[in-house]
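Predicted model, so just to flag it, every value in this text is computed and none were measured.
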Amino acid sequence: MQILKSSDYKLYSKFIESLAKKLTRFYYSKLNKPFKVSNKLRSGYDPVTTADKAFERFIRSEIKKRFPNHQIIGEEFGYKKTKSDYSWVIDPIDGTRSFVIGNPTWSNLISLNYKGNPVVGLANFPILKKFYFNTSFNSAYVSENGKKKKILVNQKATYSKMKLSAAFHGSLSLNKQKKIPQILRRMQFPCSDALSYSHFAEGKLDVVIQCGNKIWDIHALIPIIEAAKGIVSTWKNDDAKKAGNIICSANNNLHKKMLKILRPVSS
């Protein structure tokens with residue numbers, strides 16, 4: 001993880017903590033009402049709603065007011081380039097499918113990157129009245145109903161007793177899935193978008209496996225996971241900031257074991 005000065009962590013973590021509360025208020029005051037849905041794809045289903053776009057406009061506005069020279073990369077409105085070493089990566093609604101059907105597990109994901117590396121992350125869950133964030137490279141928190149608690153992964157997790165959540169999002173063919181029966185048999189816990197990664201950072205899950213993450217799906221979660229002492233990478237054990245197929249594990253032994261199991265489908 002890229003490390004900032006402690007004063008910088010304090011500045012940016014305070015900003016995202018305040019932003020999380022503003023986003024939840026914004027949802028209930030402006031967006032908790034009927035919305036329009038459209039499909040981004042001609043073949044397949046990738047929904048976007050008027051709420052996605054409203055959230056991103058709001059987030060961009062808040063960032064621009066406070067940090068006008070920073071770069072911004074958003075799922076809905078693209079890339080605002082500047083010469084700054086700082087860039088914000090935004091997923092205004094992670095889990096739009098959940099949002100569309102009224103499932104409360106959707107979130108706002110926001111990452112601050114320094115020289116391309118995620119350093120501060122926010123995963124805000126308006127319906128659940130909770131948000132996850134990090135305040136340094138080794139301190140992560142969940143704030144729920146106004147109470148803040150430091151979080152850590154379950155570093156004592158073992159393969160035989162692990163709690164595994166996985167989802168392939170239509171990205172892994174059935175033939176490939178047949179090559180990883182050890183994982184299919186152990187998918188005991190439903191995968192709920194960013195909430196599964198957040199529960200992992202909180203020690204409630206020991207391994208999370210997902211396919212097809214874009215940078216805005218995972219960048220905000222990387223600094224939270226790493227600050228909670230978790231390990232996160234691609235299935236090929238590359239840097240998770242590259243996105244794609246992602247796995248996070250609660251300790252090195254478990255991560256190595258899971259990467260070995262995933263090897264037949266990681267190419």
Side-chain angles (χ1 to χ4, degrees), residues 1-27 55-74 79-92 94 107-126 128-153 155 194-195 197-203 215-232 239-241 248:
M1 176 188 282
Q2 183 82 39
I3 298 176
L4 300 178
K5 294 186 295 185
S6 59
S7 58
D8 289 333
Y9 272 118
K10 186 175 181 179
L11 170 69
Y12 293 119
S13 62
K14 278 192 172 183
F15 172 74
I16 62 166
E17 192 172 357
S18 172
L19 182 56
K21 297 169 185 176
K22 288 180 180 180
L23 283 166
T24 296
R25 289 196 297 268
F26 178 70
Y27 170 72
F55 264 131
E56 185 164 326
R57 288 190 193 98
F58 180 81
I59 295 165
R60 282 175 176 266
S61 174
E62 291 296 309
I63 293 170
K64 187 177 179 181
K65 281 190 290 187
R66 188 72 183 276
F67 309 108
N69 297 323
H70 286 192
Q71 302 187 70
I72 302 176
I73 303 168
Y79 193 177
K80 173 201 167 188
K81 295 183 180 181
T82 72
K83 293 182 180 180
S84 175
D85 286 332
Y86 291 94
S87 57
W88 296 85
V89 179
I90 303 166
D91 191 347
D94 180 78
S107 63
N108 317 116
L109 296 183
I110 303 166
S111 168
L112 173 65
N113 291 8
Y114 177 64
K115 295 185 177 180
N117 297 298
V119 289
V120 179
L122 169 68
N124 179 54
F125 299 85
L128 301 179
K129 300 287 201 309
K130 66 195 300 188
F131 59 91
Y132 297 79
F133 65 110
N134 69 298
T135 60
S136 72
F137 72 96
N138 62 5
S139 297
Y141 294 86
V142 60
S143 177
E144 188 169 11
N145 295 319
K147 295 181 180 179
K148 188 164 69 173
K149 180 181 72 173
K150 192 169 185 178
I151 56 175
L152 290 170
V153 300
Q155 292 179 296
L195 186 60
Y197 289 120
S198 301
H199 280 163
F200 165 79
E202 202 173 355
I215 61 168
W216 40 76
D217 297 317
I218 192 62
H219 275 207
L221 297 155
I222 291 170
I224 298 171
I225 289 168
E226 292 183 339
K229 311 304 183 198
I231 300 165
V232 57
D239 195 323
K241 73 179 181 183
C248 52

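Minimum heavy-atom separation, I224 to A201: CG2-CB, 4.2 Å. The heavy-atom pair separating G121 from P223 by the smallest distance is N-CG, 3.5 Å. Nearest heavy-atom pair across T82 and N69 is OG1-O, 2.6 Å.
Inter-residue side-chain proximity for H199 and Y132 is flagged as met; some heavy-atom pair is nearer than 4.5 Å. Residues P126 and L23 have side chains not in contact (no heavy-atom distance under 4.5 Å, counting atoms from C-beta outward). Residues I16 and L112 have side chains not in contact (no heavy-atom distance under 4.5 Å, counting atoms from C-beta outward). Taking the side chain as every heavy atom from C-beta outward, V142 and K147 never approach each other to under 4.5 Å. With contacts defined as side-chain heavy-atom distances shorter than 4.5 Å, the pair T135/K150 does not qualify.
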**Asked** L19 and N108: side chain to side chain contact (heavy atoms under 4.5 Å, CB included), yes or no, with the steps?
**Response** CA-CA 10 Å; L19 182 56; N108 317 116; over 6 Å; no

**Prompt:** What do the steps show when you test I72 against E56 for side chain to side chain contact (heavy atoms under 4.5 Å, CB included), and what is the final call?
**Reply:** CA-CA 11 Å; I72 302 176; E56 185 164 326; 5.9 Å; no

task = Report the C-alpha separation of R57 and R60 in whole Å, then their side-chain angles, then the decisive distance to 0.1 Å, and conclude whether the side chain to side chain contact (heavy atoms under 4.5 Å, CB included) test is met.
result = CA-CA 5 Å; R57 288 190 193 98; R60 282 175 176 266; 5.9 Å; no

Worked check of ring-ring contact (aromatic ring centres under 6.0 Å, His included) between F67 and Y12
CA-CA 10 Å; F67 309 108; Y12 293 119; 5.2 Å; yes

Report task. Check the pair L109 / W216 against side chain to side chain contact (heavy atoms under 4.5 Å, CB included), numbers first and verdict last. Result -> CA-CA 7 Å; L109 296 183; W216 40 76; over 6 Å; no

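With sequence neighbours excluded, the residues forming a side chain to side chain contact (heavy atoms under 4.5 Å, CB included) with S87 are Q71, N113, listed by chain and number.
A distance of 12.5 Å separates CD1 in I90 from CZ in F55, rounded to the nearest 0.5 Å. Taken to the nearest 0.5 Å, the CG atom of L128 stands 8.0 Å off from the CD atom of E144. For the atom pair SG (C248) and CZ (F200), the distance works out to 4.5 Å, reported to the nearest 0.5 Å. H70 NE2 to I73 CD1: the interatomic distance, rounded to the nearest 0.5 Å, is 13.0 Å. Considering CG of D8 and OG of S136, their distance stands at 12.5 Å, rounded to 0.5 Å. Between the OH atom in Y114 and the NZ atom in K5 there is a gap of 9.0 Å [rounded to 0.5 Å].
Between Y9 and F137, the ring planes lie tilted relative to each other; the angle falls in the 30° to 60° range.
Although no hydrogens or angles enter the test, the distance criterion places no donor-acceptor pair under 3.5 Å between the side chain of S107 and the main chain of A123.
Under the side-chain contact (heavy atoms from CB on, under 4.5 Å) test applied with D94, the options L195, N124, D217 reduce to a single match, D217.
Applying the 6.0 Å contact sphere to NZ of K148 captures more than 12 heavy atoms from other residues, nucleotides or ligands.
Salt bridge annotation for K65-E62: present, with a cationic side-chain nitrogen under 4.0 angstrom from a carboxylate oxygen.
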